Amino acid sequence: MQEEAVLTPSLDELDPKEFIIIKGAKVHNLKNLSVAFPRNKLVVVTGLSGSGKSSLVFDTLFAEGQRMYVESLSSYARQFLGRMEKPEVEYIRGVSPAIAIEQKVNTRNPRSTVGTSTEIYDYLKLLFARIGVTYSPISGEVVRKDTVTDVVDYLLSLPEGTRVMVLAPLQLKEGRTLEEELKILLQQGFTRIQVQGEVRFIEEVLEKSEALANEGLFMLIDRAVIKHGDEQAEEDLQFRLADSVQTAFYEGNGACRIEAPGLESGETIRDFSDRFEADGMQFEEPSVNLFTFNNPYGACRTCEGFGKVLGIDPDLVIPNKNLSVYEGAIAPWRSEKQRREWLEPLLKKGIEFDFPIHRQYNELTPEQQELLWTGNRYFSGLHEFFRYVETQLHKVQYRVMLSRYRGKTTCPDCRGSRLRKDASYVRINGKSITDLVLMPVSVLRPFFDALELPEHQQKVARRLLAEVQNRLRYLEDVGLGYLTLNRLTNTLSGGEYQRIKLSTSLGSALVGSMYILDEPSIGLHPRDTKRLIGVLETLRDLGNTVIVVEHEEEVMRAADQLIDIGPDAGVHGGELMFQGTVAEMSSALNSHTARYLHNIDRITVPARRREWRDYLEVQGARENNLKNLDVKFPLGVLTVVTGVSGSGKSTLIKKILYPALAKHLGDSVSEQTGRFDGLAGSLSEITRVEFVDQNPIGKSSRSNPVTYVKAYDYIRNLYAEQPLAKQRGYKPAFFSFNVDGGRCEVCQGEGEVKIEMQFMADIYLTCESCHGKRFKQEVLEVKYRDKDIAEILDLTVDQAVDFFAKESKVVDRLRPLKEVGLGYIGLGQSSNTLSGGEAQRVKLASFLGKGSGAGANDRILFIFDEPTTGLHFHDIHQLLKAINALIEQGHTVVIIEHNMDVIKSADWIIDLGPEGGDAGGNITFQGTPEEMVTTLADNHTARFLEEKL
């Protein structure tokens with residue numbers, strides 16, 4: 001009955017304690033939309049890209065939750081609230097405290113790691129500071145310091161009647177002679193010292209002090225006889241001995257000696273030290289700061305806690321590993337001058353130490369490769385060469401040369417762990433904190449589950465261990481078991497980052513909140529999606545309302561309620577198409593979602609797979625977890641690289657194939673190439689390589705789709721040719737919001753002004769001078785078909801294609817945006833408001849718009865990283881058409897993907913696995929989709945693919 005109540009237009013009757021009610025939302029393209037989210041349920045909001053899902057969930061519901069929170073702050077904070085705009089909505093009732101977990105990796109901090117983001121590292125630091133045991137790297141013995149209690153306990157454990165002496169080594173203070181030191185001891189009240197095992201009065205010794213060596217001299221602090229039985233006498237003795245030992249430690253600079261001359265069994269002499277040392281080394285006592293790489297005390301001195309240093313990058317010095325030394329493998333020695341001075345000695349004398357100058361670099365032994373750097377008596381190596389370059393930095397050409405071969409390299413001191421070296425001497429169960437942060441979560445969790453500690457340590461560590469185990473379990477549950485805690489946050493994909501935030505939220509166990517997630521299934525193999533759903537259900541069962549914007553079929557089917565926004569994108573969206581369960585959706589056949597979920601519409605399997613002959617081959621790939629792979633990538637077809645999360649897909653494509661091929665083709669790429677032996681195959685068949693990722697198309701708020709696809713140049717020229725513009729002498733630049741002239745100078749053409757807030761994120765307000773139009777009033781008087789330039793920027797791509805129908809140059813540039821399913825985005829929409837998937841498709845459109853290359857002979861290898869991110873089934877259909885258009889033009893496409901509709905459309909599949917992390921990195925299958933489903937037994941991808949074929 002509740003579902004019917006939700007669907008009735010009378011929202012006023014619903015109880016805000018049971019529903020979160022939005023009435024009359026008009027933000028962006030929402031058409032007076034009213035909807036009620038049931039509390040403490042898993043609600044999935046779906047619909048085409050651009051239909052208004054984010055406008056409803058983030059820009060309306062979350063924005064209001066945030067605004068209401070700020071309303072509860074101090075009067076200082078509230079004085080800004082008059083300027084913080086309310087979402088355009090009639091009312092919102094029943095809003096809970098809101099937590100939004102978006103896809104954007106909003107940290108670029110080079111110090112932020114998975115461990116610090118999830119707070120696991122903070123607990124590990126406490127754990128090691130409290131119960132860590134320090135071991136000497138020389139002898140492997142435990143390093144411990146003796147306390148006064150330890151010495152007194154030892155003394156009281158000796159047999160009844162044992163005579164003991166408490167001694168302290170005689171320390172000469174700086175600048176004093178032995179005679180002066182002895183006189184001062186007399187003044188302090190000491191009377192005897194031990195000389196070579198014999199106790200003598202200080203006055204006696206003073207007469208012969210010149211003849212004595214400084215070594216072997218001990219001050220006698222106290223003498224006593226050990227007594228047991230009489231409680232009062234024993235207690236008095238205990239206090240006296242404690243006092244004497246304390247004095248001995250002080251006078252002996254941390255050292256104390258106990259002698260029991262008449263002791264028949266056991267040691268007669270025993271040394272104690274309250275210094276934390278062993279094997280002649282002084283150690284730091286474990287403390288939280290010792291394990292903190294973000295603190296100068298704990299950070300590695302060389303890299304200051306970054307794990308990387310700026311050094312000579314071997315990858316840039318020897319970019320093409322397929323060349324021999326003779327052929328010019330060493331890039332800095334290719335010029336005439338350097339070849340003559342540095343390379344020729346090696347070429348001429350190589351025979352004398354048996355160096356193969358004609359053998360490819362990647363076929364040299366590790367010793368021979370190292371010899372190129374170290375050199376020998378016949379030739380100077382690369383290390384010597386770069387030392388020479390550094391002495392010549394007053395000459396500009398040497399400064400340029402050095403910068404060309406410099407890159408971030410792993411710190412040689414801490415090996416990338418970021419901590420000072422002695423932090424690794426502290427261990428728990430034989431493992432240092434460095435060992436633990438370099439383990440994948442899936443290996444680390446069993447380590448902590450099986451950790452057995454002595455009773456005292458167990459008491460100290462119980463709470464800390466519970467927090468660590470909980471958070472590690474949640475990381476595994478969201479499918480991130482392959483990550484290490486040392487992994488940099490800014491190297492994670494949007495989906496990985498979002499799932500880390502999700503696991504952190506679970507770890508903090510909030511109740512009664514509203515969690516809003518933006519496609520948490522991104523980057524997850526279908527096998528792991530079930531575990532993610534389990535995590536979302538856990539969050540719901542704790543007593544939270546979980547609202548997920550999602551296109552993944554599994555997540556939709558698991559939802560308590562499904563809300564579908566549509567029917568189409570942009571101006572054709574913004575309406576509530578359906579609300580209810582998946583089963584009830586079969587009647588809503590005007591919805592694209594319903595039609596795909598109930599198999600009325602579907603992405604069809606291609607009638608035939610393209611044949612191929614030419615290929616590129618990556619040989620000996622062994623970066624990260626790759627197990628020395630040889631992989632062939634067919635040319636002229638659609639290849640999909642798949643496998644479970646963490647199986648090595650990104651390493652193979654992003655760290656090896658792309659940078660290696662780009663460097664082979666002479667492009668400069670900042671990425672370091674991973675370890676591999678070489679590239680082979682039809683390399684001459686590829687003229688360019690393009691990596692189309694989900695990074696923003698521009699970091700500036702001025703960057704937007706119309707400028708990215710180069711359509712705005714033609715539009716500006718069009719406006720400059722209008723009669724009024726010619727009359728006033730307006731050049732095309734007057735219609736640009738990036739340069740002085742026609743733009744509004746108050747907001748510098750931004751359309752909005754940034755207000756810096758001290759207590760929360762900066763607020764952006766519409767410019768009061770141009771009212772968000774970006775241009776001066778006189779420029780807006782120039783019109784083309786009754787629209788000024790600001791109105792053009794407000795058009796969607798679909799509207800602009802119709803509006804400029806007669807201007808073929810503009811339409812040719814804009815049509816690819818429509819073809820990749822981005823007809824709904826605004827021409828002037830700031831690129832930093834685009835999702836990762838949208839940014840990726842804008843890049844794809846720009847390639848389609850260029851006719852994919854300058855010349856007819858251009859043959860490009862396109863690499864896409866999960867292009868289905870943020871795409872509805874209907875949009876994936878459009879995307880596949882655009883990708884196939886690139887292949888028909890003679891190009892090659894390689895896609896990293898988990899989406900089964902894309903995988904079933906591939907001509908060739910490369911599947912990595914079988915698991916993530918160390919259990920991955922193998923090729924589990926290569927071939928066509930039809931061949932793949934015959935390997936069901938041991939292949940995760942094949943099991944899910946079978947349902948689709």
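The model shown is predicted, which means the values in this text are computed figures rather than measured ones.
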By side chain to side chain donor-acceptor pair (under 3.5 Å), which residues pair with Thr118, not counting sequence neighbours?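 Counting only residues at least two positions away or on another chain, Thr118 forms no side chain to side chain donor-acceptor pair (under 3.5 Å).
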Suppose we screen for side chain to side chain donor-acceptor pair (under 3.5 Å). Which residues come up paired with Asn544, at least two apart in sequence or across chains?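 Asn544 satisfies side chain to side chain donor-acceptor pair (under 3.5 Å) with no other residue.
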Please enumerate all residues that pass side-chain contact (heavy atoms from CB on, under 4.5 Å) together with [X], with sequence neighbours excluded.
X      : value
Asp794 : none
Glu791 : Lys787, Asp788
Ser591 : Asp564, Met577, Met585, Thr593, Ala594
Arg702 : Ser700, Phe737, Asn738, Arg743, Gln748, Glu750

Would you mind writing out the side-chain donor-acceptor pairs for residues 565-575 within the sub-3.5 Å range, not counting sequence neighbours?
unit_1 : atom_1 : unit_2 : atom_2 : d
Asp568 : OD1    : His592 : NE2    : 2.9

Sequence neighbours excluded, which residues qualify as salt bridge (charged side-chain N to carboxylate O under 4.0 Å, His left out) partners of [X]?
X      : result
Asp15  : none
Glu752 : none
Glu553 : Arg557, Lys948
Asp865 : Lys654

If you look only at pairs with a residue in residues 522-531, which of them pass as a salt bridge (Lys or Arg N to Asp or Glu O under 4.0 Å), with sequence neighbours excluded? Arg527-Glu915, Asp528-Arg531, Lys530-Glu554
